[in-house]
Asker: 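Have a look at this one before I ask anything.
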Number of protein chains: 2
Amino acid sequence: MFSKSCEYGIRATIFIASLCYNDTKVGIKEIAQEIDSPMAFTAKILQVLVKNDIIKSSKGVRGGFMVLKEDLKRITLSQIVVAIDGDSVFLRCGLGLSNCSEDHPCPVHEKFKFVKQDLAFMLENTTLEEVSIGIKKGTTFLKY
Amino acid sequence: MFSKSCEYGIRATIFIASLCYNDTKVGIKEIAQEIDSPMAFTAKILQVLVKNDIIKSSKGVRGGFMVLKEDLKRITLSQIVVAIDGDSVFLRCGLGLSNCSEDHPCPVHEKFKFVKQDLAFMLENTTLEEVSIGIKKGTTFLKY
DNA sequence: TTAATAAAAGACATAAATGTCTTTTATTGA
DNA sequence: TCAATAAAAGACATTTATGTCTTTTATTAA
């Protein structure tokens, strides 16, 4: 479904978000531990999320990553996915045709349309707040 | 969604199936042309489909690939996908957790469940007959 | 039975994704 | 101001997916 980068990116963002109620910044080492991901690789991905205004970062002593409380309702899974993997999950033809469309459909065009729409709708309507609450409460998990 | 291999595999199978009404065998060269795919690579993929009893092949003069007419209703997109990409599209956790389950869910477990179920249902209930008819009629396309 | 044909098999090549390491830049607190 | 800290940036390494080429095997028809 998504690339590894995207999976790590979503998991990291959810973890960071789960800490934002106390305005806690968190470092890359702890993030990688908590989501069981390769640290240096995850750091690269977080750079992309910072550039896309999804998470915040600050350098130096007492620096780290955080999510703004006021962004919890604004940020959706869709924004994270698009920032890392692009929009191909929603838009790309299921059979890889470059110009598949209503006028020039592949044999599964109509069937995939609904599946892709459902996925897009779900991602666009799932906020960071919604998915981070379970981590805070301990009812959902980010590793293993 | 699917690997390139899987996309080529589905497209090739649909094309071969669209010719089965006259019991026509078709060679790899023509297949690759008709679905705009790399020939040698596509040949490899067809080997997998033959081993999985999805298409038939015969060597030598007047040999080639074909789909049995009686298989048109039996073969589903799901079988092709599983043969080439495995079942990870339906079963893998959306965030890549190795043991994500109802008891130990990732934060998007419930949301992804429905999307993956819809995809699985669609693939399992779409037959080769259904998707190859448009190619025969010229209303759907396998390249560009 | 032999020559031509076409898929199967296996070795090899290239590109993309994933992952690591080192150096640089920014920030903080002593 | 300086030392410590932590993210940013960039070069590099490894693995996986994608793609190519050559040799082998099976089949057919002359």
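Every chain is numbered from 1, with letters handed out A, B, ... down the list of sequences. Values below: all heavy atoms of this structure, side chains included; hydrogens, waters and symmetry mates excluded. Keep in mind the model is a prediction, meaning the values are calculated, not measured.
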Asker: Transitive ILVMFWY cluster of M66(B) at side-chain heavy atoms under 4.5 Å: who else is in it?
Answerer: L68(B)
Asker: Looking at the side chain of V61(B), which of dA29(D), dA8(C), dA8(D) is the nearest nucleotide?
Answerer: dA29(D)
Asker: How close or far is atom C1' of dA4(C) from atom CZ of R62(B), stated in whole angstroms?
Answerer: 14 Å
Asker: Taking transitive links into account, so neighbours of neighbours count too, which hydrophobic residues share a cluster with F114(B) at under 4.5 Å side-chain distance?
Answerer: none
Asker: Residues two or more places apart in sequence or in another chain: which of them pass side-chain contact (heavy atoms from CB on, under 4.5 Å) with D87(A)?
Answerer: F90(A), L91(A)
Asker: Would you say Q47(B) places a side-chain N or O within less than 4.0 Å of OP1 or OP2 belonging to dA9(C)?
Answerer: yes
Asker: So, using side-chain contact (heavy atoms from CB on, under 4.5 Å) as the criterion, who are the partners of R62(A) when residues are at least two apart?
Answerer: none
Asker: How close or far is atom P of dT5(C) from atom CZ of F65(B), stated in whole angstroms?
Answerer: 18 Å
Asker: Are S58(A) and dA6(D) close enough that a side-chain N or O sits under 4.0 Å from OP1 or OP2?
Answerer: no
Asker: What pairs of donor and acceptor atoms, side-chain ones from residues 23-30 of chain A against any protein atom, are under 3.5 angstrom apart with sequence neighbours left out?
Answerer:
unit_1	atom_1	unit_2	atom_2	d
D23(A)	OD1	K69(A)	NZ	3.2
D23(A)	OD2	K69(A)	NZ	3.2
T24(A)	OG1	L19(A)	O	3.4
T24(A)	OG1	N22(A)	ND2	3.0
K25(A)	NZ	S58(A)	OG	3.3

Asker: Taking only residues at least two apart or on different chains, which pairs with a member in residues 76-85 of chain A satisfy salt bridge (Lys or Arg N to Asp or Glu O under 4.0 Å)?
Answerer: none
Asker: Any side-chain N or O of S57(A) under 4.0 Å from OP1/OP2 of dA6(D)?
Answerer: no
Asker: How many Å lie between NZ on K59(A) and P on dT28(C), as a whole number?
Answerer: 12 Å
Asker: May I have the distance from E7(A) (atom CD) to dG19(C) (atom C1'), rounded to whole angstrom?
Answerer: 15 Å
Asker: Per the side chain to side chain donor-acceptor pair (under 3.5 Å) rule, what does the pair list look like for residues 6-21 of chain B, sequence neighbours excluded?
Answerer: R92(A)-E7(B)
Asker: Please list all pairs meeting salt bridge (Lys or Arg N to Asp or Glu O under 4.0 Å) that have one or both residues in residues 128-141 of chain A, counting only residues at least two apart or in different chains.
Answerer: K73(A)-E129(A), E130(A)-K111(B)
Asker: Quick one, give me the B/S/- string for nucleotides 16-23 of chain D, reading 5' to 3', where B means a protein heavy atom under 4.0 Å from the base and S means that only happens at the primed atoms, P, OP1 or OP2.
Answerer: --SBBB--
Asker: With a 4.0 Å heavy-atom cut-off, tell me which residues in residues 87-97 of chain A come close to DNA chain D, sorted by residue number.
Answerer: none
Asker: Mind running a 4.0 Å heavy-atom check of residues 19-36 of chain B against DNA chain D and sending the residues that fall below it, in number order?
Answerer: none
Asker: Rounded to whole angstroms, how far apart are CD1 on I84(A) and P on dA17(C)?
Answerer: 14 Å
Asker: Regarding K56(A), tell me which of base, sugar-phosphate or nothing describes its non-hydrogen contacts under 4.0 Å with the strands shown.
Answerer: nothing
Asker: Taking all non-hydrogen atoms of both residues into account, name the closest pair between G9(A) and I45(A) and its distance.
Answerer: CA-CG2, 3.8 Å
Asker: Does the side chain of T76(B) come within less than 4.5 Å of L123(B)'s, by heavy atoms?
Answerer: no
Asker: Any pair with a residue in residues 38-52 of chain A that passes side chain to side chain donor-acceptor pair (under 3.5 Å), sequence neighbours left out, goes on the list, sorted by first then second residue, please.
Answerer: S37(A)-T42(A)
